Amino acid sequence: MGEEQPLRTDYAGTLTSERIGDQVRLAGWVDRRRDHGGVVFFDIRDASGLAQVVVDPDQLPAGRDLKMEYTVTVGGEVRPRPEGTINVDMATGEVEVVASDIRILSTAETLPFMINDRVEVDERLRLQYRYLDLRRPRMAANLRARSNAIRAMRETLDELGFLEVETPTLIRSTPEGARDMLVPSRLNKGSFYALPQSPQLFKQLLMVGGVDRYYQIARCYRDEDFRSDRQLEFTQLDIEGAFWGQDGVLETLEQVIVAVVEQARGVTIPRPFKRMTYAESMARYGTDKPDLRFGMEITDLGDIFEDSDFKAFSGAVKGGGAVRGLNVGPLGLSRSGLDGLVAKAKELGAKGLVWMVAEDDGSLRSPVAKFLTESELQRLGARFATTPGDILLIAADETKLVGTLLGQLRVELGRPKGHDELAFLWVVDFPVFEETEGGDLAPAHHPFTSPVSVTEMRDNPKAAVSKAYDLVLNGSELGSGSVRIHDPEIQKQVFEVLGISDEEAESRFGWFIKALRYGTPPHAGFAVGIDRLLAILQGEQSIRDVIPFPKTQTGADPMTESPKPVDDFQLMELGVNLRPEVRAALDGSREVPE
RNA sequence: GGGGGCGUGGUGAAGUCUGGAGUUCACGCCGGCCUGUCAAGCCGGAGGUCGCGAGUUCAAAUCUCGUCGUCCCCGCCA
């Protein structure tokens, strides 16, 4: 009496023929039951996998009572399966456990959906019952992969002497970049904390503080609209180093990524990763995050058409724009399919799109062929090295628009399904500023990024290059980093060029710039989006599938039904009043009977 | 803020274009049979306010408008 019996001695997924004859006890969920009357089989599932249990229901009537997702503990002997009944699709398929004892630990109601990967269940329902969804093999594998990846990051960085440091998640709001998530302060009514968009300034202060090499698995918050690769909260591997520069950062991150990919995929990817300047990436791929798993590069045609009689082309070149095209290959598109691309181009803001099809005799068929000379058509065919059936898409417009358009068409028409291949790329030499649609300058990275030349930044800001770099995987931006400004004077000048006055800079960032005055080492760093990295490594379309408890596109959690209004008392303690129209809308919705 | 897709027993789908009895398929659920299955099989059964609300019509899952939910995309994401 009193001696507690263990619920299990072994994990189901570990049983092999080496264990034949052993008495084992397994604990897990009833995955699937196959009742033959005189003999009952069921698969028991635990975190390690599945094993088949055989029950003689005359000996063990409990075998008849089992239903899917009951939790049970089963004692029995590991036995080889009889001739011809070995299941080669199952890791433990050579053996089975002959049950001598079955205890039902808990029962389960009829499930809202099946615990398997065969059915694509509505995602809202999956999120509402996420605890069941996580039992599915695919999701369980994603959780495990995430844990393994993060462990690989920690091990690699620990080995390199990095210090893991936590930074606060209740910080001062700095109305730059994305919208802040705000938290009202009870002790300082009317004041608010913000949740960090990244640990950016704190990690820089750690450099000032003498932490030579820093990293953190950091939760970040950005209150912007959702996408399949964006959530309100997400996780970054954040790193920073003192007396460090771009080459050191890239070198270190490559080691981390290689270790993560080895964990996740079991392959060693070659180093160093490819590098490309921002300018080259924009010219060849029309984007700063090119998918290098396929070619289909953007080709400049300005020299062919600058003097063409076809004004749509020559006019664009002479007006300072560009004529560029893609050879998207033999897609076999019908006339309506091609017209669909033209419509698509117009949706994207282009004046038009010209398509051409390479005929068997090498000529180019196109609605605009009659406006072009024989020589122009021949040079086109040669430039694209066409083979019969190839489709050319040509756009003439403002240079930036042409690039964006062709870049999007390239991805749409050429991007491989899935993520079997991994194409990592560093995009370097980002511009300091991006031009907004209004013509204003906005920092391409954050305003603490070091320009290559302060003089150039002042005199020719549109062309100025910064010490900023992005990591791209399969056309997805995994993260970005930069060499930081460590000189308070340069920091002030950057604010100045951005149109932030001294007073404004002082009131917003004075606490930070002050720190730079006390002996700041040159430093640099990076942040990798862990959710995006894992989603791609796991072949998932959305980061939601590598986040245990994500939110829907409207920021809701169907399981807990958050967010929810709070008690008036809670608001009162915080000194917060809802705006009248918000209050009215809430009261209105409360009148609706439940 | 804008564009698009989807919403049908517990689950996944077909039916919607071209209105005519809640019809069909697979899984699950309930009952029965069955000693080698592994998505077990066979027989029988239950289960739906076709997201919700208006409108058109003799008649609406189907057409129209609105609304809610969800997904994808543009904007946004220093």
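Just so it is clear, the model here is predicted, and its values are computed rather than measured. Letters go in sequence order (proteins before strands), and every chain restarts at 1.
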| Closest to side chain of S542(A), choosing from G12(B), U37(B), C72(B) | C72(B)
| remark: Closest to the side chain of R34(A), out of C71(B), U11(B), U37(B), is U37(B)
| request: May I ask which nucleotide in the shown strands pairs with C63(B), Watson-Crick or G-U wobble, both distances under 3.5 Å? | output: G55(B)
| said: Taking donor-acceptor contacts at under 3.5 Å, does the side chain of N87(A) reach the base of C38(B)? | reply: yes
| Pick the nucleotide of RNA chain B nearest each of R222(A) and M114(A); which residue has the one closer to the 5' end? | M114(A)
| message | Check this for me: does the side-chain of R32(A) come within 3.5 Å of the base of C38(B) through a donor and an acceptor? | response | no
| task | Look at E94(A) together with R19(A) and state whether they make a salt bridge at an N to O cut-off of under 4.0 Å. | result | no
| A13(B) versus U18(B) - spacing of their P atoms, nearest Å | 24 Å
| request: With the side chain of T110(A) defined as its heavy atoms from C-beta on, choose the nearest nucleotide among G28(B), C76(B), C72(B). | output: G28(B)
| request: Just call it for P447(A): base, sugar-phosphate, or nothing, with non-hydrogen atoms closer than 4.0 Å on any strand. | output: base
| said: Under 4.0 Å, counting only non-hydrogen atoms across every strand here, what does R136(A) touch: a base, just sugar-phosphate, or nothing? | reply: nothing
| message | Could you tell me if S48(A) and D46(A) have a donor-acceptor pair between their side chains, going purely by distance under 3.5 Å? | response | yes
| query | When the distance from CZ of R118(A) to P of A13(B) is rounded to whole Å, what number comes out? | reply | 15 Å
| query | Using the C1' atom in both, what is the distance from U49(B) to G22(B), to the nearest Å? | reply | 12 Å
| request: Under 4.0 Å between any heavy atoms, over every strand shown, what does T554(A) touch: base, sugar-phosphate, or nothing? Just pick one. | output: sugar-phosphate
| request: Between U37(B), U11(B), G69(B), spot the one nearest the side chain of H36(A), thanks. | output: U37(B)
| message | Distance alone, cut at 3.5 Å: any donor-acceptor contact between the side chains of S450(A) and R484(A)? | response | no
| field | P atoms of C29(B) and U11(B), separation to the nearest Å | value | 14 Å
| query | Using a cut-off of less than 4.0 Å, is there contact between a side-chain N or O of S228(A) and OP1 or OP2 of C73(B)? | reply | yes
| request: Output yes when D557(A) and R130(A) qualify as a salt bridge under the 4.0 Å nitrogen-oxygen rule, no when they do not. | output: no
| field | Distance (rounded to the nearest 0.5 Å) between T167(A) OG1 and K203(A) NZ | value | 9.5 Å
| query | Tell me, do P199(A) and C220(A) make a side-chain contact under 4.5 Å, heavy atoms counted? | reply | yes
| Any side-chain N or O of R126(A) under 4.0 Å from OP1/OP2 of C71(B)? | no
| When the C1' atoms of C52(B) and C30(B) are considered, how many whole Å apart are they? | 31 Å
| query | Can a donor-acceptor pair be found between the side chains of N142(A) and E540(A) at a distance below 3.5 Å? | reply | yes
| When you check the phosphate oxygens OP1 and OP2 of C74(B), does a side-chain N or O of R227(A) lie under 4.0 Å from one of them? | yes
| task | With heavy atoms under 4.0 Å as the rule, sort L125(A) into base, sugar-phosphate or nothing. | result | sugar-phosphate
| Is a donor-acceptor pair below 3.5 Å formed from side chain R64(A) to base G31(B), judging by atom type as modelled? | no
| Of the listed nucleotides G75(B), C29(B), C38(B), the one nearest the side chain of Q52(A) | C38(B)
| query | Does F41(A) stack onto the base of U37(B), taking stacking as ring centres under 5.5 Å apart and planes under 30° apart? | reply | yes
| remark: Quick note, D122(A) side chain, CB onward, closest among C38(B), G75(B), G12(B) is G12(B)
| query | Base, sugar-phosphate alone, or nothing: which one does P82(A) contact when heavy atoms must sit under 4.0 Å apart? | reply | base
| message | Using atom C1' in both nucleotides, what's the gap between U56(B) and G66(B) to the nearest angstrom? | response | 15 Å
| request: May I ask you to say what R230(A) touches in the nucleic acid, namely base, sugar-phosphate or nothing, with a heavy-atom cut-off under 4.0 Å? | output: base
| query | In the strands shown, is G44(B) matched to any nucleotide by a Watson-Crick or G-U wobble pair with both distances under 3.5 Å, and which? | reply | C30(B)
| Can a side chain N or O of K344(A) be found less than 4.0 Å away from OP1 or OP2 on C73(B)? | no
| request: Take the protein atom CD of E120(A) and the nucleotide atom C1' of A14(B), then report the distance between them rounded to whole Å. | output: 18 Å
| message | Base, sugar-phosphate or nothing for E434(A)? Non-hydrogen atoms, less than 4.0 Å. | response | nothing
| When you compare G12(B) with C77(B), how far apart are their P atoms, in angstrom units rounded to a whole number? | 36 Å
| task | For U62(B) and G47(B), measure between their P atoms and round to the nearest Å. | result | 24 Å
| Distance, P atom - from G44(B) to G5(B), rounded to whole angstrom | 42 Å
| Do any side-chain nitrogens or oxygens of Q553(A) fall under 4.0 Å of OP1 or OP2 in C72(B)? | yes
| said: Using only modelled atom types and a 3.5 angstrom limit, is any donor from either the side chain of E96(A) or the base of G36(B) paired with an acceptor on the other? | reply: yes
| request: Determine the contact category for E412(A): base if any of its heavy atoms lies under 4.0 Å from a base atom, sugar-phosphate if only primed atoms, P, OP1 or OP2 are that close, otherwise nothing. | output: nothing
| said: By nearest heavy atom, map R179(A) and T552(A) onto RNA chain B; which one lands nearer the 5' end? | reply: T552(A)
| task | Using atom NZ of K67(A) as one end and atom C1' of C30(B) as the other, report the distance to the nearest whole Å. | result | 9 Å
| Watson-Crick or G-U counterpart of C6(B), or none if no pair lies under 3.5 Å | G69(B)
| request: Under the salt bridge (Lys or Arg N to Asp or Glu O under 4.0 Å) rule, collect the residues that match up with D180(A), sequence neighbours excluded. | output: none
